[in-house]
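Heads up, the thing below is written out as structure tokens.
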There are 2 protein chains.
Amino acid sequence: MSVFKKIVAPRIRLADEVYSQIVDAIHKGDIDARKRIVQEKLASELEISRTPVREALLRLEQEGILEMSGRGGFVIRQIESSEVLEIYQARAAIEGHAIRLLTEQKNTKFIAQIEAIITLEESRDLTTASDYYDANKNIHRSFVERTANRYLLEMFDQMWNRGFSFHLFAAITDDELQKSLGNHHQLCSVMRDGDPAAAEAAMRAHIQNGLDLQLNALAA
Amino acid sequence: MSVFKKIVAPRIRLADEVYSQIVDAIHKGDIDARKRIVQEKLASELEISRTPVREALLRLEQEGILEMSGRGGFVIRQIESSEVLEIYQARAAIEGHAIRLLTEQKNTKFIAQIEAIITLEESRDLTTASDYYDANKNIHRSFVERTANRYLLEMFDQMWNRGFSFHLFAAITDDELQKSLGNHHQLCSVMRDGDPAAAEAAMRAHIQNGLDLQLNALAA
DNA sequence: TTGCTGCTCATTGTATTCAGAATTCACGTA
DNA sequence: TACGTGAATTCTGAATACAATGAGCAGCAA
């Protein structure tokens with residue numbers, strides 16, 4: 001029985017650090033849609049060799065966030081108009097099923113936790129589209145997290161990462177952004193009622209409203 | 001109006017070829033669970049440099065198929081027992097929603113196509129667990145493909161790739177493998193009835209049966 | 001025999017170099 | 001001025017080299 005704890009030093013790869021920086025820059029909107037990310041140039045900026053830069057970029061390409069530009073370098077992959085619907089459909093599948101699973105579990109502690117998170121996120125001082133995106137994501141993620149299903153959570157993150165890399169929320173007006181934070185408590189009420197099918201239908205309707213909001217914003 | 005066609009020569013990366021070979025080898029069961037895949041050694045076998053080998057292996061690590069062994073090299077990631085349920089839950093989300101979308105569309109041509117695929121797959125000469133896995137995957141994929149939702153399809157493939165990398169089907173007896181091909185036509189009947197909720201429930205029940213079969217096999 | 005220490009080897013991650021392909025630019029000609 | 005050609009530049013993919021880390025093995029002492 002030692003008083004010392006085993007030290008687990010994760011091997012940090014430079015490629016992972018590069019990946020995170022690129023993702024953050026995309027998230028903040030710091031990378032213009034036509035901006036080419038060139039391996040050698042980015043490596044010079046970061047003052048590391050090209051190899052980990054390349055590894056990070058290839059990973060982002062694999063994830064569909066970036067694509068290779070015909071003129072060299074990688075650019076942020078532009079969304080096709082049909083993809084908005086596809087993303088929201090995929091969300092309906094994931095999050096609809098998540099709330100169904102949670103409702104079947106009838107775990108009142110989970111419901112209370114989710115409600116606390118909703119209240120917390122709604123009370124934040126939100127000013128940018130990115131802020132609203134984060135708040136919405138945190139709320140929705142709080143449902144999927146509680147399914148304790150790593151694959152649902154992984155898919156959830158993939159879909160929401162698409163949203164931010166395509167700057168979907170940036171198209172929405174401030175009024176509508178505020179509205180985007182409404183109605184989440186109602187999802188918890190439906191869960192409390194204990195009918196899995198009704199809960200799933202409520203989540204699907206909620207997401208459909210988000211889609212309508214998104215499509216209106218993109219059409220304007 | 002030229003008589004010549006534009007030549008599009010896809011840039012084939014060695015890393016992609018390595019990736020495919022590893023995936024095939026896993027699929028065929030050619031790689032033992034404890035077998036370490038070492039970058040330099042595999043590169044020698046393939047008579048290429050280590051770089052594309054590394055890229056392929058890192059990609060497989062990222063996809064959760066491989067993990068780094070404490071003794072160097074990569075090994076096939078072993079499934080935790082809870083993951084079987086998680087995979088089937090994720091499938092219920094994806095495939096349940098897919099059949100719901102298809103049922104809402106009431107496209108009789110799609111239903112006929114799916115039925116033709118079911119009939120074709122059932123008529124194959126199937127002998128190995130891998131054969132049955134492929135047949136089942138083709139049938140289930142035929143539903144998701146027709147939603148024309150790239151994200152649902154992408155997630156579908158990810159879940160099924162997990163299944164084969166974990167050799168889930170290999171644990172099932174021959175009798176039960178034959179049974180695994182039953183009842184797919186019934187899904188089409190339910191779609192024809194036109195009730196999306198009923199179709200989704202039928203797909204979820206179908207997948208739950210598959211889960212039961214799988215868990216029984218793993219317990220034996 | 002067992003446990004500890006030091007050394008060696010294996011493996012990885014990163015840096016650097018090389019070669020090839022594609023794009024861009026400059027110059028010459030019609 | 002516009003178009004075509006050749007050269008230069010850019011960029012990528014792969015190969016090679018180097019350094020660091022960790023695991024395994026061998027030797028020695030208790």
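In what follows, every chain begins at residue 1, and chains take the letters A, B, ... in the order their sequences are listed. Because the structure is predicted, anything quoted here is derived from the model rather than measured.
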In this structure, how many angstroms lie between the [atom2] atom of [N] and the [atom1] atom of [X], rounded?
X	N	atom1	atom2	answer
B/Glu67	C/dT12	CD	C1'	17 Å
A/Ile37	D/dT10	CD1	C1'	17 Å
B/Leu42	C/dA10	CG	P	18 Å
A/Ile48	C/dA15	CD1	P	6 Å
B/Glu40	D/dT16	CD	C1'	10 Å
A/Glu55	C/dG13	CD	P	8 Å
B/Leu66	C/dT12	CG	C1'	16 Å
B/Met68	D/dG22	CE	P	11 Å

Phosphate contact ([N] OP1 or OP2) by [X] side-chain N/O below 4.0 Å:
X	N	answer
A/Lys41	D/dC11	yes
A/Gln39	D/dT10	no
B/Arg71	D/dG24	yes
A/Arg13	C/dG13	yes
B/Arg36	C/dT11	yes

Between [options], which nucleotide has the shortest distance from any of its atoms to the side chain of [X]?
X	options	answer
A/Val38	D/dA14, C/dT14, D/dC11	D/dC11
B/Leu14	D/dA15, C/dT14, C/dT17	D/dA15
B/Arg54	D/dA14, C/dA15, C/dG13	C/dG13

Q: Using the closest heavy atom to pick a nucleotide of DNA chain C for each, name whichever of B/Phe74 or A/Glu47 lands nearer the 5' end.
A: B/Phe74

Note: [X]-[Y] ion pair, threshold 4.0 Å (strictly below):
X	Y	result
B/Arg77	B/Glu67	no
B/Arg59	B/Asp16	yes
B/Lys41	B/Glu45	no

Q | Donor-acceptor side-chain pairing of A/Tyr151 and B/Glu83 below 3.5 angstrom | A | yes

(Q) Pick the closest DNA chain D nucleotide for A/Thr51 and for A/Leu57 by heavy atoms, then say which residue is nearer the 5' end. (A) A/Leu57

Q. Just wondering, more than 12 heavy atoms not from A/Arg71 lying within 6.0 Å of its CZ?
A. no

